[in-house]
Amino acid sequence: MGYSHIEVLPVSGALGAEIQGLNLARPLGDDTFEELHRALLDYLVVFFRGQDMTPRQQIALGKRFGELDIHPYVAGMPDCPEIIHVIREPEDTGFNFGGDWHSDVTFQERPALGSILYAEEVPAYGGDTLFANQYLAYETLSDGMKSLLEGLEALHSASRPYGLHNTRGDRHEYAVNTHSMKVRYSEDAERMVAHPVVRTHPETGRKALYVNSAFTHRFQDMTKAESEPLLKFLIQHAARMEFTCRFRWEVGSVAFWDNRCVQHYALNDYAGQRRAMRRVTIAGDRPC
Ligand code: SIN
């Protein structure tokens with residue numbers, strides 16, 4: 001089926017398309033919404049240029065796709081708790097928010113459906129975001145590996161970025177380090193949640209690999225040592241170059257990705273420069 005309300009320009013062979021002909025600050029009509037929704041399902045991540053959205057307009061766009069998720073460990077903007085202000089200051093060092101392959105909030109029982117990231121301020125160079133297609137990651141596994149993963153669950157938690165050990169002086173190397181974002185370190189970040197290693201997308205019916213480097217710790221009913229070799233293989237396989245695309249941000253760019261079949265990675269290669277983004281996250285269902 002083609003598109004008559006928007007123009008859709010694929011950006012790589014694996015995933016991603018730039019959408020033209022839409023002003024995201026305005027409410028979407030039903031036909032346009034249907035095409036944008038379809039483009040998201042077809043291309044997994046969609047990109048826009050030259051947008052000018054207020055925080056409230058970004059919230060309205062997100063709500064068109066579902067209920068919004070409030071991040072449990074990162075404070076939202078003062079007037080808009082649904083929006084995380086993803087800021088890295090020139091003086092920030094160490095790990096950046098989103099700087100590891102992941103799908104958003106898989107440490108929750110109901111992880112995110114999608115996320116919409118809007119660029120307010122970008123570095124002169126660097127700070128790109130990478131995306132990886134997890135349908136391809138699953139489909140390119142051997143039949144033997146696919147049957148081994150059938151029915152297997154993995155445990156996810158938020159302990160690496162938000163666990164209490166980060167306040168005790170034994171900071172994890174993946175603790176988010178930022179002067180401008182308010183992070184709540186907490187014991188409940190240690191809580192493990194089980195998700196299938198291969199999930200079925202509730203709208204497309206396609207299977208996607210669902211483990212990630214930021215939040216997945218081990219397989220259910222196995223030790224960390226037993227889990228490690230296979231988990232390491234899957235995590236590396238999930239981000240093979242040929243499954244990815246890379247987005248160069250400009251002020252007013254927007255990326256909207258489907259967390260049910262995409263992982264992403266915020267590159268930390270712009271030391272000494274400021275980058276400020278706003279993210280809304282759409283709540284998803286329980287993976288199965
Ligand atoms: C994230 O949502 O993980 C952050 C992505 C980015 O800042 O590029």
Side-chain angles (χ1 to χ4, degrees), residues 11 15-16 40 44-49 51 53 55 58-59 61-62 65 68-77 80 82-90 92 94-108 111-132 134 156 158 160-162 174-183 212-216 235 238-239 244-271 273-284:
V11 301
L15 79 169
L40 182 68
L44 323 190
V45 52
V46 288
F47 305 110
F48 305 82
R49 298 281 182 195
Q51 302 291 320
M53 265 195 297
Q58 189 177 354
I59 288 172
L61 174 66
F65 288 82
L68 299 186
D69 186 81
I70 307 273
H71 200 288
Y73 306 113
V74 179
M77 292 175 79
C80 297
E82 304 92 334
I83 296 192
I84 303 177
H85 220 174
V86 180
I87 301 178
R88 190 158 173 88
E89 300 291 356
D92 286 341
F95 188 68
N96 61 317
F97 181 84
D100 195 7
W101 280 108
H102 67 288
S103 164
D104 289 324
V105 295
T106 65
F107 50 81
Q108 299 191 149
L113 177 158
S115 302
I116 303 173
L117 193 67
Y118 172 78
E120 284 184 341
E121 190 175 337
V122 298
Y125 55 83
D128 296 359
T129 307
L130 278 70
F131 298 88
Q134 299 307 289
H156 299 234
R160 289 183 192 123
Y162 310 118
Y174 295 121
V176 174
N177 189 29
T178 162
H179 290 87
S180 296
M181 295 171 70
K182 230 192 237 155
V183 174
N212 68 76
S213 168
F215 306 127
T216 313
I235 283 169
T244 68
C245 72
R246 176 171 176 155
F247 188 58
R248 168 90 197 113
W249 294 94
E250 295 163 1
V251 170
S253 298
V254 174
F256 182 178
W257 61 88
D258 185 337
N259 281 294
R260 300 165 296 183
C261 52
V262 173
Q263 290 199 43
H264 57 286
Y265 187 119
L267 271 179
N268 181 5
D269 60 350
Y270 52 101
Q273 303 183 71
R274 191 168 196 271
R275 181 178 185 268
M277 323 287 276
R278 296 195 312 244
R279 189 180 98 184
V280 297
T281 309
I282 303 151

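Remember, it's 1-based here, ligands and their atoms both numbered in the order they're listed.
- The backbone N or O of Asn259 sits less than 3.5 Å from a side-chain atom of Ser103, completing a donor-acceptor pair.
- Residue-level proximity to ligand 1 for Asn96 is absent, since no heavy atom of it falls below 4.0 angstrom.
- At distances below 3.5 Å, at least one donor-acceptor pair connects side-chain atoms of Gln134 with backbone N or O atoms of Ala238.
- For His264, a nitrogen or oxygen atom sits less than 3.5 Å from a nitrogen or oxygen atom of ligand 1, counting backbone and side chain alike.
- Which of Met277, His102, Arg275, Gln263 comes nearest to atom 3 (O) of ligand 1 through a heavy atom is settled by distance: it is His102.
- Residue contact check: Leu117 has heavy atoms under 4.0 Å from atoms 5 (C), 6 (C), 7 (O), 8 (O) of ligand 1.
- Remark: the backbone N or O of Gly127 is paired with a side-chain donor or acceptor of Asp269 at under 3.5 angstrom.
- A donor-acceptor distance shorter than 3.5 angstrom exists from the side chain of Tyr118 to the backbone of Met53, with no hydrogens or angles considered.
- Within the listing of ligand 1, atoms 3 (O) sit less than 4.0 angstrom from a heavy atom of Gly98.
- At a threshold of 4.0 Å, the pair Asp104-Arg279 counts as salt-bridged, since one of the basic side-chain nitrogens sits closer than that to a carboxylate oxygen.
- Within the 4.0 Å heavy-atom cutoff, Phe247 does not count among the residues contacting ligand 1.
- Atoms CZ and OH, from Arg88 and Tyr270 in turn, are 5.5 Å apart once rounded to the nearest 0.5 Å.
- For atom 2 (O) of ligand 1, the nearest non-hydrogen atom of the protein is Arg279 NH1, 2.8 Å.
- Residues Arg275 and Glu121 are not paired through a salt bridge, judged by the lack of any N-O separation under 4.0 Å between the basic side chain and the carboxylate.
- In terms of polar-atom proximity, defined here as any N/O pair under 3.5 Å, Thr129 does make such a contact with ligand 1.
- Looking at Trp101 against ligand 1, nothing comes within 4.0 Å, counting heavy atoms.
- Less than 4.0 angstrom separates some heavy atom of Ala266 from each of these atoms of ligand 1: 5 (C), 6 (C), 7 (O), 8 (O).
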